[in-house]
Every structure is written in C-alpha cells, then in structure tokens.
Enquirer: 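Below you will find the structure I want to go over with you.
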There are 2 protein chains.
Amino acid sequence: MDRSAISTAMQDYLKAIWDLTRAGEAAPTSAIAERLEVSAASVSGMLKRLAALELVVHEPYQGARLTVTGRRLALEMIRHHRLIELYLAEALGVPWDRVHEEAEKLEHVISEDLERRMAAHLGDPHFDPHGAPIPRMDGELPPMPGSRTLIEAEAGSPLRVTQVDDDPELLRYLDGHGIGLGTPLEVVTREPFGGPLVVRLGRGECRLGPEAAHRIRVAPHEPQESES
Amino acid sequence: MDRSAISTAMQDYLKAIWDLTRAGEAAPTSAIAERLEVSAASVSGMLKRLAALELVVHEPYQGARLTVTGRRLALEMIRHHRLIELYLAEALGVPWDRVHEEAEKLEHVISEDLERRMAAHLGDPHFDPHGAPIPRMDGELPPMPGSRTLIEAEAGSPLRVTQVDDDPELLRYLDGHGIGLGTPLEVVTREPFGGPLVVRLGRGECRLGPEAAHRIRVAPHEPQESES
DNA sequence: GACGATATTTAGGCACGACGAATTTCAGAA
DNA sequence: TTCTGAAATTCGTCGTGCCTAAATATCGTC
C-alpha cells in the first residue's frame with residue numbers, strides 16, 4: 001500500500017487521526033469532523049472506507065486508531081509537510097506565515113526522491129522550527145527524550161521547552177512572556193483542575209493558562225544534541 | 001478568471017491546445033485526444049465546457065483555439081512547468097530525465113509567490129535548457145527573434161539552433177549528430193515533400209530526417225543576449 | 001430506564017471526467 | 001453532384017469521490 005493508492009482527502013484524514021491520537025486514545029469521530037470541517041456523517045463514511053483499506057481500526061462508537069500501515073502513511077505526509085515548510089523558508093525565503101498553506105498542497109504531490117533531496121539540502125533535520133519532530137523516511141519518529149506537555153510536568157525540576165504548537169496566536173502569546181523553543185524553565189506551582197500554572201523563567205516568574213500549557217512540550221534540562 | 005477556478009484536467013487541456021496551435025491553425029479534436037490519451041468524445045465534451053468558460057473558441061468540427069484568457073492560463077501553466085523543471089535540476093540536482101514528471105504534478109499546485117521566488121533564484125531565465133521560451137508572469141512570451149523550424153528555414157544562410165523538442169529519443173539522435181542547443185549550422189539542400197535535409201555543421205555535413213527537422217528551431221546566427 | 005450526547009446508516013446529491021455507440025458533418029474522390 | 005470514409009459530436013451511462021441531512025442506533029450517566 002503506498003500513498004498513490006489513496007486520495008489526498010484520505011491522506012488528510014490519516015494526518016488528522018494521528019494528531020488526535022496522542023494520548024493512546026482512539027480519535028473520536030467528532031474531533032476528526034471538527035478538525036477537517038466536515039460533518040460527523042462524512043467522517044463515519046470515510047472511516048469505513050479507511051477501515052476497508054486496513055488503514056484504520058474503526059471500533060464503532062469508540063473512534064478510530066491508525067493501523068501500522070495507516071500510521072506509516074500519516075507520518076509520511078507529516079514528514080513531507082514539515083520538510084517542505086522548512087525547505088521553503090530556508091531555501092526560498094518564504095515567510096513563516098505562508099509556508100503552511102503552501103506545504104498543505106505540495107505534501108500530496110512530491111515524490112520520495114524529491115523529498116529525500118530536500119531533506120539532504122537541509123542537512124536531514126530531525127525537528128522543525130517549532131520543535132515538532134520530523135518523522136524519518138522509515139516511518140518512525142526521532143527519539144524525544146523525556147518529552148511531555150507542560151501540563152504533565154512535575155514541579156521543581158529544571159526543564160527546557162522542546163516544542164510549541166504551531167499556532168500564530170499561541171506563538172504571539174508566548175513571545176510576550178519570553179517563552180520560545182529552548183527556553184529553560186521550571187514549574188513552581190500547578191493548580192489542579194485546569195487552574196493557571198506558575199513557572200520560573202530565569203529569575204522572574206509568570207503565570208500560564210492551562211490552554212497554553214498543554215500545547216507546550218518540555219524535557220528535562222540536560223545538554224542534548226541536534227534539535228535544529 | 002484564475003487558475004484555481006478550473007480543474008487540473010482543464011489546465012492540461014489548455015496546455016495541449018496551446019502546443020497544438022502553433023501554426024495559427026485551430027487544434028483538431030483528434031490531436032488533443034491523442035496527446036492526452038483520451039477518447040475524441042471526451043475531448044468534445046471538455047471543449048464544450050471550456051468554451052462555456054470562455055477559455056476556448058470551439059468552432060464545431062473545426063477544432064479549438066484559445067481565447068485571450070485561455071492562452072494566459074495555458075502560458076501560466078507552461079511557465080510553472082518550465083521553471084519547476086529548471087529549479088529542480090539546478091537547486092536540487094534532480095536528473096533531467098525525471099524533472100518532467102515531477103513538474104507535471106507540481107505545476108498545478110504552486111502559488112504565484114512561490115513561482116516568483118523560484119524564478120528569482122534562477123535569475124529570471126527566459127529560456128529553458130532545451131531553448132524553449134519561458135512565458136513571462138504577465139502571460140506573454142519572451143521575444144524570439146527570427147525563430148522558425150528547420151523545415152521552414154531557407155538554405156544558404158548561417159543559422160543557430162535555438163530550441164529542440166524535449167523528447168529523450170530526439171535528443172539522443174541529435175546528440176549522435178553533434179547537434180545541440182546553440183550549434184551553428186546552415187541548410188545546404190532541402191528536398192521537397194518530406195525528403196531528408198542536408199545541413200553543414202562546421203566543416204562537415206549531415207542528413208536529417210524531416211521528422212527531426214521540424215522539431216528543431218533555428219534563428220539567424222548573429223550575436224544575441226541571454227538565452228540561458 | 002430514560003435522556004442527551006455521540007455516532008452510524010440511509011438515501012441522495014453533486015462535480016468531474018471518462019467511455020461506447022449512434023449520429024452528424026465535412027471534404028475530397030468519383 | 002453524389003457518394004463515401006474520416007472526423008467530430010451528441011447521447012446516455014458509468015464510476016469515483018466526497019459530502020450532506022435526516023433517521024436511527026448506541027453509549028454513558030443520572
């Protein structure tokens with residue numbers, strides 16, 4: 001089964017399911033529908049088709065999760081997407097707020113060969129500028145030691161921001177607080193049940209809403225290699 | 001009317017019609033069908049749709065020719081195609097026998113902005129490596145002084161190869177005769193009705209079949225600027 | 001066990017583009 | 001002029017692909 005055997009719409013569904021599966025839970029129909037801006041009925045229909053192709057396991061009423069093949073295809077598209085974004089920005093100077101939509105179209109049509117050449121041109125990066133991991137050509141994710149969301153992080157140990165969701169609004173918000181990729185910080189207090197979170201930044205402190213906190217990933221703050 | 005308003009299939013039809021219109025004649029249905037490997041019935045159907053959009057003028061039983069809008073769109077796709085080919089070869093080292101199929105897919109999805117950036121990266125070339133003119137962004141062709149096919153060329157005056165059809169077989173054939181882009185030559189004799197053509201190359205001579213001769217374009221051999 | 005939220009099935013629609021077969025038109029030969 | 005074969009068109013259909021609203025089914029919870 002290779003990508004040319006499925007439509008671009010199907011590829012988009014697979015990507016969405018991957019994104020919504022993070023916590024080991026199956027992706028709910030409604031979440032997929034919202035993400036792709038289609039009706040729940042459309043999602044049910046598509047899940048049935050994807051299940052017939054053995055790209056997802058569809059437990060009715062329980063959502064969908066990717067099969068090994070589906071996951072491989074989803075990661076292939078995500079790899080394309082992130083490499084294209086990087087390449088356009090780096091090699092052609094396309095502004096960061098425009099690379100996403102361009103990549104959204106290109107990711108479905110580039111050949112594996114071209115992808116390999118773009119990656120090589122970029123020095124085979126493992127992470128994109130937001131810290132998101134770039135899947136490898138074999139369909140696996142690069143290792144992300146100890147990574148978890150800020151929501152899940154324990155208080156009192158030194159951390160480092162390894163990834164931030166690619167959302168302009170969030171990026172602006174964090175920028176205003178002096179937080180970005182690589183920023184060292186430490187959780188001071190965390191209120192339960194979605195209260196704000198206090199983190200120490202250098203010698204200052206700041207409060208973050210829970211919304212933001214679960215869209216930031218952190219890892220223990222020890223020296224580590226290449227995270228582009 | 002812009003490209004996003006029409007399907008990629010329509011875009012391919014417009015390109016084919018442009019290619020088949022060279023001599024000022026309308027493109028025959030059968031030629032379009034052969035080129036695109038579809039039935040004549042499909043072409044008739046599509047011509048009707050394109051005519052409704054005022055992209056072609058369809059004189060029934062007499063073939064189709066592009067309207068101003070149709071021509072602009074066709075040239076836009078051709079521009080995309082040639083720039084992408086050049087860019088892939090030059091910036092990413094994609095071998096020449098593979099750029100075509102890659103460009104065929106990419107030409108339909110790149111934005112005008114990206115196209116502009118690729119062109120700039122290449123130094124805004126006016127001709128591709130086969131000497132084919134690259135349409136400008138305003139939808140016009142760059143000037144090609146005195147260009148005509150070798151079949152049409154008068155005997156006895158110094159000429160220069162300005163363009164060769166992009167067909168691997170033809171390229172190999174000409175290579176074997178020492179003919180390429182920029183080669184100076186002169187028609188010695190030409191037999192009427194499709195006989196072979198004798199040309200002088202430097203101090204030697206060679207015979208070319210008429211098939212080849214009308215897929216080579218030449219211009220008077222005087223010094224000229226930038227033809228990449 | 002009934003309710004609201006969530007999901008699925010059903011039935012249908014629409015855009016797109018292709019095809020074969022039947023028919024019409026054209027242009028050149030007789 | 002009339003005939004004829006090639007070319008083109010129309011007609012009816014098919015198939016893919018995706019979407020939707022409405023009706024129905026299921027799940028989890030009180």
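Here is the naming used below: chain letters follow the sequence lines, and residue numbers restart at 1 for every chain. Basis for what follows: all heavy atoms, side chains included, without hydrogens, waters or symmetry-related copies.
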Enquirer: For A/Arg49, enumerate each residue passing the salt bridge (charged side-chain N to carboxylate O under 4.0 Å, His left out) test, keeping only those at least two apart in sequence or located in another chain.
Expert: none
Enquirer: For residues 69-77 of chain B, which residues have at least one heavy atom under 4.0 Å from DNA chain D?
Expert: none
Enquirer: Could you pull out all residues at least two apart from A/Arg3 that satisfy salt bridge (charged side-chain N to carboxylate O under 4.0 Å, His left out)?
Expert: A/Glu76, A/Glu112
Enquirer: So, is B/Thr29 close to the D/dT9 phosphate, meaning a side-chain N or O under 4.0 Å from OP1 or OP2?
Expert: yes
Enquirer: For B/Glu140, is the CD atom crowded, meaning more than 12 foreign heavy atoms sit under 6.0 Å from it?
Expert: yes
Enquirer: Find the distance between CE (A/Met10) and CG (A/Leu73) and round it off to the nearest 0.5 Å.
Expert: 11.0 Å
Enquirer: Which heavy atom in A/Ala27 sits nearest to a heavy atom in A/Thr21, and how many Å separate them?
Expert: CB-OG1, 4.1 Å
Enquirer: Among A/Val188, A/Val199, A/Val198, find the one that has a side-chain contact (heavy atoms from CB on, under 4.5 Å) with A/Arg207.
Expert: A/Val198
Enquirer: State, to the nearest 10°, the angle formed by the axis through the first five base pairs of the helix from C/dG1-D/dC30 to C/dA30-D/dT1 and the axis through its last five.
Expert: 20°
Enquirer: Can you list everything that forms a side chain to side chain contact (heavy atoms under 4.5 Å, CB included) with A/Ala52? Sequence neighbours excluded, please.
Expert: none
Enquirer: Does A/Arg148 form a salt bridge (charged side-chain N to carboxylate O under 4.0 Å, His left out) with A/Glu154? I'd like the steps, not just the answer.
Expert: CA-CA 10 Å; A/Arg148 81 223 74 161; A/Glu154 75 288 10; 2.9 Å; yes
Enquirer: Classify A/Ser30 by what it touches in the nucleic acid, base, sugar-phosphate, or nothing, heavy-atom distance under 4.0 Å.
Expert: sugar-phosphate
Enquirer: Knowing that exactly one of A/Arg79, A/Gln11, A/Lys15 qualifies, which makes a side chain to side chain donor-acceptor pair (under 3.5 Å) with A/Glu107?
Expert: A/Lys15
Enquirer: What one-letter contact string describes nucleotides 14-30 of chain D from 5' to 3', where B marks a base within less than 4.0 Å of any protein heavy atom, S marks contact via sugar-phosphate atoms alone, and - marks no contact?
Expert: ----SSBB---BSS---
Enquirer: Can you check whether B/His58 has a side-chain N or O nearer than 4.0 Å to OP1 or OP2 of D/dA8?
Expert: no
